[in-house]
Each structure stands twice: as structure tokens, then as C-alpha cells.
Enquirer: 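This is the structure I want to talk about, given as C-alpha cells.
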Amino acid sequence: MLMWNACHTRNADKKALIGERLFSDVQLSWNHTRSCASCHDPSMAFTDGYRTSVSPSGEMLLHNAPSLLHVSKMKVFDWANPKAKNLAQQLQRPLYGTHPLELGLHLHWPKFLSTIRDDSVYHSLLLQTYGQIPPSTDSLWVVDCLVAYINTLQSGVSPFDRFLKGDSSALSQDALAGYKLFCSDSLACISCHGGPDFSNATLTENHDSIYFNTGLYFTSAGTYPPNDAGLRMYTQQSQDDGKFRVPSLRNVMRTAPYMHDGSMSSVEDVIRHYSRGGRLIEKGPNQGDGRFHPFKSKYLSGFSLSRKQELQLIAFLNHLNDQNNESFAPRNN
Ligand code: HEC
Ligand code: HEC
């Protein structure tokens with residue numbers, strides 16, 4: 001089963017083809033250095049491997065780049081931005097965001113448009129799709145095409161999917177034991193990483209079910225680091241301190257480092273953090289024990305796993321890797 005491939009090479013709608021080309025086109029950025037794919041690299045399940053991404057001007061962004069696979073199923077976007085209700089709204093930030101400056105398309109729009117008009121591939125795709133080259137007053141097609149492309153980024157061809165479809169040999173004994181741990185009352189991973197894509201944020205918009213404080217920080221101010229306090233930055237409510245959207249766990253073994261700020265390097269670190277019931281930071285500006293954060297989720301009271309069980313849980317997570325990943329590499333058209 002190669003859904004992604006099929007939709008890509010045969011039935012792909014024209015907008016998605018334009019979107020795919022725009023996605024890896026550095027002309028999008030004001031200084032022609034970065035494209036969407038610089039931070040969402042198809043060969044890394046659409047992440048970039050950095051703790052936090054680097055903007056075209058070399059500035060560190062606040063957050064780790066999330067995978068874009070399955071993002072079309074999310075009900076809210078980014079790590080903790082409840083305002084973007086659909087992908088078109090979300091894309092305003094990478095394209096036009098100024099704090100910090102991201103791709104800065106507004107800064108060089110006329111030049112970008114003339115590059116597009118001079119490019120024979122864009123030219124013919126735009127003519128076929130819109131019947132004309134969009135006028136310079138219209139930039140909506142850029143978002144329109146990028147959204148069409150992002151919507152094609154679905155796969156669901158991991159060994160775990162094969163297992164769910166009845167192929168009992170698709171999971172090893174260890175992975176099956178790991179899946180049981182994942183769903184167990186003491187670990188409760190599934191309470192937040194629920195649904196077919198392992199994130200409640202694909203199932204509901206209810207903030208109480210999708211944004212959680214996982215006890216990563218409890219600084220001397222009694223909060224997460226004040227410049228990056230999750231949902232609280234938007235709602236100004238103290239009980240939203242440190243709440244971030246539950247990420248999908250599909251392809252998680254390919255998307256290190258982890259958490260909203262990339263502050264954990266391995267899945268083992270993440271599991272140990274959960275088993276402790278919060279993270280202890282012994283020195284530095286964020287010193288403190290996240291375990292005692294008053295708004296940490298009630299699901300995260302800690303647990304103990306043997307090394308064998310830890311490896312079983314990791315074996316399960318390993319089975320969430322898509323197997324057609326090579327087809328994510330961008331095509332040179
Ligand atoms: C400089 C690196 C960078 C570039 C360039 C970039 N992104 Fe992102 N992207 C990120 C980061 C970091 C986030 C998470 C932002 C946050 O939560 O604060 C993100 C989030 C997203 C999301 C939401 C993902 C989710 O799980 O909700 C989408 C969709 C997205 N980017 C698409 C794009 C597209 C399309 C482009 C090109 C127009 C692009 N990005 C350019 C780094 C980047
Ligand atoms: C209370 C809800 C909740 C529970 C229970 C939970 N998680 Fe999470 N998980 C989250 C949230 C929220 C994040 C993002 C936190 C952040 O970045 O601040 C996350 C992040 C992760 C990440 C990092 C993913 C990435 O792309 O950065 C992994 C891996 C993970 N969880 C696995 C697990 C496992 C395994 C369990 C069970 C032991 C579990 N989670 C239990 C809510 C939860």
C-alpha cells in the first residue's frame with residue numbers, strides 16, 4: 001500500500017504539485033537561503049534535527065520543528081498556538097511572521113513573483129491550475145498550493161498499521177509487550193497520545209484533552225521559562241503554564257531531538273522523564289524540579305520500568321516508523 005506515492009505521482013492535483021515545488025524552493029525566503037524543507041526535511045520525517053530551528057537570518061526560533069506527516073489531521077497547530085484553526089492560518093507565520101522574521105515573503109514579493117513567472121515549470125503549472133498567472137495583488141495561491149501539498153503528506157504504512165489491519169506478524173513480541181505498556185494504567189501514554197496518530201489533538205479541540213504540562217520545568221519563578229510558557233502565552237491564565245500540544249508519535253524515532261524546545265535528545269530520555277514524574281534540572285537558569293509543578297498533568301505521577309520493559313516500549317515506538325519513507329525525498333522536477 002503506497003497511498004502517499006500514489007497520490008504523489010499519478011493523481012496529484014496540480015495545486016499540490018506547485019506546493020511541492022514551493023516547499024523546497026529557497027526563493028521563498030527573503031535572502032534565498034531557506035525553504036520550508038530546510039526545517040521540514042522529508043528525509044527526517046519533515047523535521048530538521050535541531051533542538052530549535054534556525055531562521056533565514058540565522059536566528060534561533062523558540063521551538064523544535066514538528067513533523068508535517070499527519071499534520072492535516074490536527075485540530076490545532078504548532079506546539080501551543082490555539083489561534084490557528086486551519087493550515088492556511090498556521091502558514092501565515094512561516095511565510096510572513098516577523099517576531100522573529102521567518103521567510104519574509106512580504107519583503108520580496110514582487111521579486112519572488114517575477115522569478116516564478118520566469119520559471120517555465122511554475123509558469124505552466126500555474127496556467128494549467130488557475131487558467132492564468134495570478135496577478136501580483138494575489139498571494140493567496142501560495143498558501144493554497146502549500147496546503148494542498150501538506151494534505152498529501154499522509155502515510156499510515158508502519159508495521160503497527162499492518163498489525164492493526166490483521167497482520168499479527170508485523171509486531172515483534174517485544175513491541176507487542178511495549179504496546180501493552182503504552183496502554184497500561186500506570187504509564188497511561190494513550191490517555192494523551194490517543195487515536196490513530198497517537199495525539200489527542202487529532203481527535204478533539206478541547207484544550208483540556210490536548211494541551212498538557214508534562215513537568216519539564218519548575219523554575220525559581222514557580223513557572224516554565226517565562227519566554228516559552230506554552231498555552232499561557234496565549235490565554236494569560238496561570239493554570240495554562242507549561243501546557244503544550246500532545247505531539248503525534250508516528251515516525252518518532254526519526255524526529256529527535258524531542259519536546260517543544262528540543263531539550264531531550266533521545267526517546268530513552270523522554271521515557272525516564274515520564275517514569276520520574278517530571279524533570280529535575282540541577283543547575284542553570286531553569287534550575288528546579290518539574291515534578292512539583294502544580295499544573296503538571298495528573299496522568300504523570302511516575303512509574304517504574306525494568307530495562308527490559310523500557311526496551312519493549314522503545315520497540316513499540318520503533319514500529320511506528322513509516323516504511324515508505326524513501327518516497328518522501330523531494331523529487332527534482
Ligand atoms: C526556520 C525553520 C522553519 C521554516 C523555514 C518553516 N518552518 Fe514550519 N515550523 C517550524 C517550527 C519551529 C514549527 C513549530 C512552531 C511553533 O510551535 O512555535 C513549525 C510548524 C509548522 C507547522 C505546524 C505543524 C504542527 O504540527 O502543527 C506547519 C504546517 C509548518 N510548519 C509548515 C511549514 C511550511 C509550509 C513552511 C514553508 C512555507 C514552513 N513550515 C517553514 C520551523 C520552520
Ligand atoms: C498527560 C499527557 C501525556 C501523557 C500521559 C504522555 N504524554 Fe508524551 N507528550 C505529551 C505532551 C504534551 C508532549 C509535549 C511536551 C512538551 O514539549 O512540552 C509529549 C511529548 C512526548 C514525546 C516527544 C515527541 C516529540 O516529537 O517531541 C514522546 C516520545 C512521548 N511524549 C512519549 C510518551 C510516552 C511513551 C508516554 C507514556 C509513558 C507518554 N508520552 C505519556 C503528553 C503526554
Side-chain angles (χ1 to χ4, degrees), residues 19 22-26 28-29 33-40 45-48 50 52-57 59-72 74 76-81 84 87 90-91 93-97 100 102-103 105 142-143 146-147 149-150 153 178 181-184 186-194 198-201 209-217 224 228 230 242-253 255-264 266-271 273-275 296-300 303 305 313-314 316-317:
L22 288 170
F23 191 82
S24 52
D25 190 342
V26 293
L28 268 184
S29 64
T33 59
R34 318 275 289 161
S35 68
C36 313
S38 311
C39 304
H40 302 286
F46 294 86
T47 62
D48 62 9
Y50 293 113
T52 68
S53 297
V54 184
S55 79
S57 44
E59 228 178 319
M60 301 286 277
L61 299 188
L62 206 49
H63 290 154
N64 178 260
S67 170
L68 301 186
L69 289 164
H70 315 288
V71 70
S72 58
M74 290 284 182
V76 288
F77 301 93
D78 290 347
W79 282 98
N81 173 7
L87 277 169
Q90 191 284 333
L91 288 184
R93 184 186 48 72
L95 289 170
Y96 304 111
E102 297 200 29
L103 294 171
L105 188 56
V142 174
V143 169
L146 284 168
V147 169
Y149 170 62
I150 294 171
L153 303 179
L181 286 167
F182 188 84
C183 303
S184 65
S186 61
L187 271 67
C189 314
I190 198 130
S191 312
C192 304
H193 296 281
F198 308 95
S199 166
N200 290 2
S209 307
I210 56 179
Y211 292 108
F212 295 98
N213 175 317
T214 60
L216 291 176
Y217 297 100
Y224 267 46
D228 193 12
K243 291 190 180 166
F244 288 87
R245 187 192 68 180
V246 186
S248 162
L249 297 182
R250 284 190 177 271
N251 294 294
V252 67
M253 301 308 273
T255 65
Y258 301 107
M259 303 309 201
H260 65 276
D261 55 1
S263 59
M264 289 192 179
S266 69
V267 157
E268 253 140 331
D269 289 349
V270 176
I271 293 174
H273 149 71
Y274 283 124
S275 80
K296 189 190 73 172
S297 163
K298 63 176 174 8
Y299 295 119
L300 302 171
F303 49 81
L305 289 184
L313 189 53
I314 293 172
F316 162 65
L317 295 173

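The model shown is predicted, which means the values in this text are computed figures rather than measured ones. Excluded from the calculations below are hydrogen atoms, water molecules and symmetry mates; all remaining heavy atoms, backbone and side chain alike, are included. We count ligands from 1, going down the list as the structure has it; atoms in each ligand are counted the same way.
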Enquirer: Below 4.0 Å, non-hydrogen atoms only: which portion of Asn64 touches ligand 1? Side chain, backbone, both or neither.
Expert: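 The answer is the backbone of Asn64.
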Enquirer: His63 heavy atoms, cut-off 4.0 Å: which ligand 1 atoms fall inside?
Expert: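 It comes down to these atoms of ligand 1: 12 (C), 16 (C), 17 (O), 18 (O).
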Enquirer: Test of understanding: given a 4.0 Å heavy-atom threshold, classify the contact between Leu61 and ligand 1 as side chain, backbone, both, or neither.
Expert: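 It is the side chain that touches ligand 1; the backbone stays farther off.
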Enquirer: For atom 19 (C) of ligand 1, grab the closest protein heavy atom and report residue, atom and distance to one decimal in Å.
Expert: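 The closest heavy atom on the protein side is Arg93 NH2, 3.4 Å.
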Enquirer: For ligand 1, is any non-hydrogen atom under 4.0 Å from Leu68's backbone (N, CA, C, O), its side chain (CB onward), both, or neither?
Expert: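 Side chain only.
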Enquirer: Specify whether Phe182 and Phe316 have parallel, tilted or perpendicular ring planes, treating 30° as the upper limit for parallel and 60° as the lower limit for perpendicular.
Expert: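 Plane angle between 30° and 60°, so tilted.
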Enquirer: I'd like to know whether ligand 1 has His40 as a neighbour, heavy-atom separation below 4.0 Å.
Expert: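 Yes, His40 has heavy atoms under 4.0 Å from ligand 1.
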Enquirer: Closest non-hydrogen protein atom to atom 14 (C) of ligand 1, residue and atom name please, with distance?
Expert: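 Of every protein heavy atom, Pro66 CD, 3.4 Å lies nearest to atom 14 (C) of ligand 1.
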Enquirer: Under 4.0 Å from ligand 2, counting heavy atoms only, is it the side chain of Ile271, its backbone, both or neither?
Expert: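 The answer is neither; Ile271 stays 4.0 Å or more away.
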Enquirer: Mind checking whether Arg245 has a heavy atom under 4.0 Å from ligand 1?
Expert: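 Judged by the 4.0 Å heavy-atom criterion, Arg245 does count as contacting ligand 1.
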Enquirer: Show which atoms of ligand 1 fall inside a sub-4.0 Å distance from at least one heavy-atom site of Val54.
Expert: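 So the atoms of ligand 1 that pass are 1 (C).
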Enquirer: Taking 4.0 Å as the limit for heavy-atom contacts, which would you say applies to Leu22 with ligand 1: side chain only, backbone only, both, or neither?
Expert: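 Looking at Leu22 and ligand 1, no heavy atom falls under 4.0 Å.
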Enquirer: One residue to check: Leu300. Relative to ligand 2, which of side chain, backbone, both or neither has a non-hydrogen atom less than 4.0 Å away?
Expert: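 For Leu300, the contact with ligand 2 is made by the side chain alone.
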Enquirer: Enumerate the atoms of ligand 1 whose separation from the nearest heavy atom of Ile150 is less than 4.0 angstrom.
Expert: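 Ligand 1 atoms under the 4.0 Å threshold to Ile150: 35 (C).
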Enquirer: Relative to ligand 1, is Glu102 under 4.0 angstrom through side chain, backbone, both or neither, heavy atoms considered?
Expert: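 Neither; no heavy atom under 4.0 Å.
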Enquirer: Atom 21 (C) of ligand 1: which protein heavy atom is closest, and how many Å away?
Expert: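 Atom 21 (C) of ligand 1 sits closest to the protein heavy atom Gln90 NE2, 3.3 Å.
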Enquirer: Should you measure from each heavy atom of Leu146, which atoms of ligand 1 turn up under 4.0 Å away?
Expert: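 It comes down to these atoms of ligand 1: 38 (C).
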Enquirer: Please identify which atoms of ligand 1 are closer than 4.0 Å to at least one heavy atom of Leu95.
Expert: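 Ligand 1 atoms under the 4.0 Å threshold to Leu95: 38 (C).
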Enquirer: Under a 4.0 Å heavy-atom limit, does Tyr211 contact ligand 2 with its side chain, its backbone, both, or neither?
Expert: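 No part of Tyr211 comes within reach of ligand 2.
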Enquirer: For atom 23 (C) of ligand 1, grab the closest protein heavy atom and report residue, atom and distance to one decimal in Å.
Expert: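 Going by distance alone, atom 23 (C) of ligand 1 is nearest to Asp78 OD1, 3.3 Å.
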Enquirer: When you measure from atom 8 (Fe) of ligand 2 to the N, O or S atoms of Tyr274, does any of those distances fall below 2.8 Å?
Expert: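 Of the N, O and S atoms in Tyr274, at least one lies under 2.8 Å from atom 8 (Fe) of ligand 2, which means yes.
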Enquirer: Can you tell me how the ring of His260 sits relative to the ring of Phe244, calling it parallel under 30°, perpendicular over 60° and tilted otherwise?
Expert: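 His260 vs Phe244 ring planes: parallel.
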Enquirer: Considering the heavy atoms of Phe77, write down every atom of ligand 1 situated less than 4.0 Å from one of them.
Expert: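 Within the 4.0 Å cut-off of Phe77, ligand 1 contributes 27 (O).
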Enquirer: Quick test: of every protein heavy atom, which one is nearest to atom 17 (O) of ligand 1, and how far off is it to 0.1 Å?
Expert: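 Protein heavy atom at minimum distance: Trp79 N, 2.8 Å.
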Enquirer: Of the listed options (Pro94, Ser38, Ser35), which comes nearest to atom 5 (C) of ligand 1 when hydrogens are ignored and any heavy atom counts?
Expert: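 Looking at heavy atoms only, the winner is Ser35.
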Enquirer: Taking 4.0 angstrom as the limit and counting only heavy atoms of Leu103, give me the atoms of ligand 1 inside it, by number and element.
Expert: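 That gives atoms 5 (C), 37 (C), 38 (C) of ligand 1.
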Enquirer: Report, in ascending order of atom number, the atoms of ligand 1 lying under 4.0 Å from any heavy atom of Val71.
Expert: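 Near Val71, the atoms of ligand 1 are 24 (C), 25 (C), 26 (O), 27 (O).
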Enquirer: What's the shortest distance from atom 36 (C) of ligand 1 to any protein heavy atom, and which residue and atom give it?
Expert: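 The closest heavy atom on the protein side is Cys36 SG, 2.8 Å.
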Enquirer: For atom 32 (C) of ligand 1, grab the closest protein heavy atom and report residue, atom and distance to one decimal in Å.
Expert: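 Among all protein heavy atoms, the one nearest atom 32 (C) of ligand 1 is Leu91 CD2, 3.7 Å.
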Enquirer: With heavy atoms under 4.0 Å as the rule, classify the contact between His193 and ligand 2 as side chain, backbone, both or neither.
Expert: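 Under 4.0 Å from ligand 2, His193 contributes side-chain atoms alone.
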Enquirer: Got the closest protein heavy atom to atom 2 (C) of ligand 1, with its distance?
Expert: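 Answer for atom 2 (C) of ligand 1: Cys39 SG, 1.9 Å.
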Enquirer: For ligand 2, is there an atom lying under 4.0 Å from some heavy atom of Ser191?
Expert: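 So Ser191 does not count as touching ligand 2.
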